[in-house]
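Just below is one structure, and these are the notes that go with it.
Count residues from 1 along the sequence. The basis for the numbers below is simple: all heavy atoms, side chains too, and nothing from hydrogens, waters or symmetry mates. Just follow the structure's listing: the first ligand is 1, and inside any ligand the first atom is 1.
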Amino acid sequence: MSRVVYVNGEFLPEKEAKISIFDRGFLFADGVYEVSTILDGKLVENQAHLDRLGRSMKELDMAPPCSMQEIEEAQQELLKRNPTQEGGLYLQVTRGAADRDFLYPDPSTKSSLVMFTQARPVIEAPSAKRGLSVIFQPDIRWQRRDIKTVALLAASMAKEAARAAGADDAWMIEDGKVTEGTSNNAYIITKDDVIVTRALSNKILHGITRKAVLALAKEEGLRVEERDFTPQEAKEAKEAFLTSASTFVTAVVKIDGQELGDGKPGPLTTRLREIYIDFARKSLS
Ligand code: PDD
């Protein structure tokens, strides 16, 4: 690979980009991130991602590395240097490098900012056509899942468990209810065509795609209920899907070994995906 990546104000070949071993992102997972999707060489819903980045930093009293405008300019420069039509732009801010101490370092410590692009198909992603299978896993993550931190080991463990079970991903369970997917928000569609997804709280990430999809569904006249649902309800659902910046709306066709309907992406999910793609194209910047 010969990408140009961004690290603390510099654009460098990826092999030359370096971060200190004392960086608190490395030592304490003291960092936050965003993934904006690249479509037609531009960014999808990027302002919403930058707004959430600002909120994550604020919740953790983390000093921004620079202004939001400078971050956006760096994103655009990175896109220029890595021309790719479809993929993702990953952005991470950490509290910076300081001698190891649980307490936050002096506020004058400079935050670190890194960014890189990843090319991959978005519209024609193979998973979108065939749909995904998910298993259930206990949600062992911390209680501030609304903050998009880089502490993703629990999510990795759940994804590994899914892979070991021959599934694509896992939906996580807490107190007998589905919270969300390992890296996506989770939805079911009931026999009465009601879209059900967990309400916003500290228990889940407030997905940028979730917000748009729920608004678009309502505009379409579809019924939406923001409430908890059980694994059993999920297995008995008419359709199911997940949303994230990387997957947009993607059908879930098998849950805990049980196929939903005919095991193919259902009509409502397919429609929602199309509607979101139209919206995503309009949001490009
Ligand atoms: N994941 N829930 C979790 C736990 C997530 O990690 C994500 C995003 C989402 C969906 O949020 P959004 O629609 O804003 O992407 C929900 C990103 C894509 C990732 O970690 O790669």
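Hydrophobic clustering (ILVMFWY, side-chain heavy atoms < 4.5 Å, transitive): L39 and I275 are in one cluster.
Under the 4.5 Å side-chain criterion, counting only non-hydrogen atoms from C-beta, M157 is in contact with I140. With contacts defined as side-chain heavy-atom distances shorter than 4.5 Å, the pair P265/V253 qualifies.
Checked by atom type, the side-chain pair S67/E70 shows a donor-acceptor distance below 3.5 Å.
Protein neighbours of ligand 1 below 4.0 Å, counting non-hydrogen atoms: Y33, V35, H49, R52, R141, K148, E180, G181, T182, S183, N184, N185, L205, G207, I208, T209, T243, S244, A245, S246.
Listed for the E239 side chain is a donor-acceptor partner under 3.5 Å among the backbone atoms of T269.
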Evaluate the side-chain hydrogen bond (donor to acceptor under 3.5 Å, both in side chains) criterion for residues D23 and T94: first the C-alpha distance (whole Å), next the side-chain angles of each, then the deciding distance (0.1 Å), finally the verdict. CA-CA 7 Å; D23 192 276; T94 72; 2.7 Å; yes

